There are 2 protein chains.
Amino acid sequence: MFIRCASCPLRRRPAFRQKSDEEVRFIETLKTEHLRLPEGADIILPEQDDAELFTVFSGWVFRYKELSDGRRQILNFALPGDLIGLQASLFEKALHGAVALTDVELCVIPRRKLWQLYEKMPEVAYDVTWLGAQTVALVDENLLSAGRRNAAERIAALVASLYKRMETLGAVRDNSMPFPLTQQHIADALGLSLVHTNKTLAKLKSSGLFSIADGRLTLDNPRAVGRLAQHFEKDIAPRPII
Amino acid sequence: MFIRCASCPLRRRPAFRQKSDEEVRFIETLKTEHLRLPEGADIILPEQDDAELFTVFSGWVFRYKELSDGRRQILNFALPGDLIGLQASLFEKALHGAVALTDVELCVIPRRKLWQLYEKMPEVAYDVTWLGAQTVALVDENLLSAGRRNAAERIAALVASLYKRMETLGAVRDNSMPFPLTQQHIADALGLSLVHTNKTLAKLKSSGLFSIADGRLTLDNPRAVGRLAQHFEKDIAPRPII
DNA sequence: CGATGACTTGAATCCCGTCAACGTCCGTGG
DNA sequence: CCACGGACGTTGACGGGATTCAAGTCATCG
């Protein structure tokens with residue numbers, strides 16, 4: 001099953017900057033495949049030397065690094081519209097891994113076509129850079145969390161960030177959004193142990209900040225979460241999508 | 001004092017990919033200023049909405065984020081050849097600050113010229129993206145440190161990374177390199193307290209891993225540092241410079 | 001020569017990690 | 001039908017790595 005960019009429902013959402021027909025047609029020539037992968041599938045392997053470039057079409061993905069004894073750090077989560085594998089495409093080898101957190105659909109742009117894009121369609125090249133810079137911004141924020149926030153603040157910052165992003169995508173209803181993370185994912189993303197994550201999570205839930213059930217998170221007290229997180233992100237302006 | 005790109009000593013070093021005369025001439029049209037700033041000067045202020053794009057010509061720079069109560073996290077260090085301010089140029093506002101760690105010289109590329117670069121010289125645009133991805137790689141590694149390494153490992157990883165980068169720039173002599181960081185900088189970069197940084201640093205020094213004196217760091221036991229850091233970076237291949 | 005910034009050092013405290021056990025849900029298969 | 005195992009979540013006890021508080025040394029500098 002192939003989804004044509006011209007009729008892509010994702011890119012029409014208000015979260016994204018609307019592109020000209022010409023640009024969309026061009027992007028469609030780049031896209032070779034619409035890939036479906038099950039939860040848990042490896043998208044990019046650490047050290048992989050032929051990773052492609054992907055746009056997340058549906059589902060959640062995370063990038064990670066790990067140490068030889070198994071300690072794992074999740075670097076950031078990618079949601080629909082986000083680009084995955086830019087580093088891996090530009091460098092000889094991938095310096096990180098990427099895994100499907102849920103069942104996912106990915107638009108595949110072969111790494112060998114990346115240069116074409118710069119030659120032929122500078123607007124799109126600019127957007128690629130923009131999305132790369134967006135990744136830096138996400139990782140920056142996570143580094144601030146891991147380095148300088150305590151456990152409760154880290155969780156609040158993660159929740160606030162994901163909630164805002166999902167809201168922008170139109171995936172929030174009644175203060176509630178899909179939340180596929182296990183506590184192990186949360187721990188790995190925040191640089192905490194599983195046990196301590198569990199206990200801190202329990203405190204925040206019982207304080208009425210938010211609740212998690214049936215794979216969904218409900219934000220019960222947005223202001224308290226925002227205060228803890230010090231994450232005063234305003235509405236996210238429409239952004240590029242490849 | 002203006003340094004012409006055509007006669008720029010930095011870009012001729014083997015650390016960098018050599019560019020065609022045409023590209024260099026073009027880059028020179030982008031560069032409006034050769035800026036000198038003293039140690040401690042702000043290069044980009046958090047929230048700044050008109051930050052320019054800079055290439056570090058000489059000296060060290062760091063990017064940082066901070067929380068409202070003063071907790072500060074250094075995101076990464078930028079050395080000669082590195083690009084600063086890409087996010088700040090692409091987005092409405094800077095989401096981080098940048099400060100001169102030493103006296104620095106910066107090549108200034110006005111943010112309004114960034115788009116020109118994509119239209120007129122795709123090779124250079126590609127390099128901008130490459131350098132953006134390079135920043136992600138650096139921050140990724142720092143996030144792995146802050147999230148999953150203990151204090152000694154973090155310091156080893158920082159030392160290993162900076163040493164390798166300085167070596168590539170040809171700034172290492174007799175296993176020794178300039179090292180302008182204070183212990184406070186190290187603490188802020190690694191997500192540690194000043195006191196604990198001091199004590200851990202003392203242990204590593206007395207174990208003979210490295211020594212610091214007169215603003216220089218000498219790597220006495222590269223293998224032990226590499227083992228602690230699990231930072232097996234091979235030689236860094238020549239990279240783009242704008 | 002007082003002031004300031006960087007670095008040291010010791011003691012008390014605590015946040016968080018580790019260990020260990022237990023509970024629940026769910027899919028599988030005997 | 002129920003035993004079994006695995007994934008995920010929960011809870012208590014304990015210890016330690018790291019923070020915080022406090023004080024003091026040493027250079028540099030106006």
Side-chain angles (χ1 to χ4, degrees), chain A residues 38-41 62 67 69-74 99-103 145-158 178-207 210-217 228, chain B residues 38-40 60 62 67 69-74 99-102 144-158 178-207 210-217 228:
Chain A
E39 174 189 334
F62 66 86
L67 297 171
D69 58 5
R71 282 175 288 177
R72 181 176 74 165
Q73 177 65 39
I74 291 182
V99 170
L101 181 61
T102 65
D103 292 350
S145 277
R148 289 302 184 210
R149 286 196 248 243
N150 64 31
E153 292 170 333
R154 291 183 208 189
I155 292 178
L158 177 66
F179 191 78
L181 307 192
T182 66
Q183 295 188 353
Q184 185 67 63
H185 290 126
I186 299 176
D188 285 349
L190 301 180
L192 295 170
S193 71
L194 177 58
V195 173
H196 195 59
T197 299
N198 178 282
K199 289 173 181 171
T200 309
L201 216 35
K203 269 183 208 159
L204 296 182
K205 286 178 194 166
S206 74
S207 305
F210 55 84
S211 42
I212 298 176
D214 304 323
R216 296 186 65 85
L217 180 147
L228 240 192
Chain B
E39 173 188 335
W60 293 34
F62 66 86
L67 298 171
D69 58 4
R71 283 175 286 176
R72 182 177 74 168
Q73 178 65 40
I74 290 180
V99 170
L101 182 62
T102 64
L144 177 61
S145 277
R148 289 303 183 211
R149 287 197 249 243
N150 65 31
E153 292 170 333
R154 291 184 208 189
I155 292 178
L158 177 66
F179 193 78
L181 307 193
T182 65
Q183 295 187 354
Q184 185 66 63
H185 290 125
I186 299 175
D188 285 348
L190 301 180
L192 295 170
S193 70
L194 176 59
V195 172
H196 195 56
T197 299
N198 177 283
K199 288 172 180 170
T200 309
L201 215 36
K203 268 182 207 156
L204 296 181
K205 286 178 194 166
S206 73
S207 305
F210 56 83
S211 42
I212 297 177
D214 304 324
R216 297 187 66 84
L217 180 149
L228 239 192

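Computed from a predicted model, the values in this text were never measured in an experiment. The chains referred to below are lettered A, B, ... by the order of the sequence lines, with proteins before strands, and numbering in each begins at 1.
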Item checked: Residues that A:Ser211 engages under side-chain hydrogen bond (donor to acceptor under 3.5 Å, both in side chains), provided they are two or more places apart -> A:Asp220
Next item on the list: Please list, by residue number, the residues of residues 147-156 of chain B whose heavy atoms come closer than 4.0 Å to an atom of DNA chain C; answer none if no residue qualifies.
Entry: none
Checklist line | Rounded distance (Å) that lies between atom C1' of C:dT8 and atom CD1 of B:Ile212 | finding: 14 Å
Check: Which of residues 182-194 of chain A sit near DNA chain D, with a heavy atom under 4.0 Å from it?
Finding: A:Thr182, A:Gln183
Item checked: Minimum heavy-atom distance B:Pro180-B:Thr102, with the two atoms named -> CB-CG2, 3.4 Å
Note to self: So does B:Ala189 get a backbone contact from the side chain of B:Arg72, meaning a donor-acceptor N/O pair under 3.5 Å?
What the structure shows: no
Next item on the list: Return the minimal non-hydrogen interatomic distance between A:Pro38 and A:Ala100, and the atom names on each side.
Entry: O-CB, 3.7 Å
Checklist line | Interatomic distance, B:Arg71 CZ vs D:dT19 P [rounded to whole Å] | finding: 12 Å
Donor-acceptor pairs are to be reported for all side-chain atoms of residues 194-203 of chain B against protein atoms at under 3.5 Å, with residues two or more places apart or in another chain.
{"from": "B:Thr197", "atom 1": "OG1", "to": "B:Ser193", "atom 2": "O", "distance (Å)": "2.7"}
{"from": "B:Asn198", "atom 1": "ND2", "to": "B:Gln183", "atom 2": "OE1", "distance (Å)": "2.9"}
{"from": "B:Thr200", "atom 1": "OG1", "to": "B:His196", "atom 2": "O", "distance (Å)": "2.7"}

Note to self: Tell me whether A:Asp214 contacts the main-chain N or O of A:Arg216 through its side chain, where contact means a donor paired with an acceptor under 3.5 Å.
What the structure shows: no
Margin query: Using 0.5 Å steps for rounding, measure from the CD atom of B:Gln73 to the CG atom of B:Leu67.
Written below: 9.5 Å
Next item on the list: Calculate the interatomic distance between A:Glu39 atom CD and D:dA7 atom P; express it in whole Å.
Entry: 12 Å
Margin query: Quick check: closest heavy atoms across B:Leu228 and B:Ala156, and the distance to 0.1 Å?
Written below: CB-CB, 3.7 Å
Next item on the list: Please report, rounded to the nearest Å, how far the P atom of C:dG17 is from the CG atom of A:Leu201.
Entry: 14 Å
Checklist line | Partners meeting salt bridge (Lys or Arg N to Asp or Glu O under 4.0 Å) with B:Arg154 (sequence neighbours left out) | finding: none
Notebook entry, point to check: Atom NE2 of A:His196 and atom P of D:dG17: how far apart are they, to the nearest Å?
Noted result: 17 Å
Item checked: B:Thr182: side-chain hydrogen bond (donor to acceptor under 3.5 Å, both in side chains) partners, not counting sequence neighbours -> B:His185
Give me, pair by pair, the N or O atoms of the protein and of nucleotides 14-16 of chain D that are less than 3.5 Å apart, along with how far apart they are.
none

Next item on the list: Could you tell me which residues satisfy side-chain hydrogen bond (donor to acceptor under 3.5 Å, both in side chains) with A:Glu39, sequence neighbours excluded, listed by chain and number?
Entry: none
Next item on the list: Could you tell me the separation between the CD1 atom of B:Ile155 and the CZ atom of B:Arg149, rounded to the nearest 0.5 Å?
Entry: 12.0 Å
Next item on the list: Let me know which of A:Leu181, A:Ile74, A:Leu192 forms a side-chain contact (heavy atoms from CB on, under 4.5 Å) with A:Ile186.
Entry: A:Leu181
Check: Taking protein heavy atoms under 4.0 Å as touching, what does nucleotides 22-30 of chain D look like 5' to 3' if B marks base contact, S marks sugar-phosphate-only contact and - marks none?
Finding: ---------
Check: Quick one: is B:Asn198 getting a side-chain N or O under 4.0 Å of the C:dT8 phosphate, OP1 or OP2?
Finding: yes
Check: Quick one: salt bridge (Lys or Arg N to Asp or Glu O under 4.0 Å) partners of B:Asp69, sequence neighbours excluded?
Finding: B:Arg71
Note to self: What's the angle between the local helix axes at either end of the helix from C:dC1-D:dG30 to C:dC14-D:dG17, using five pairs per end and rounding to 10 degrees?
What the structure shows: 10°
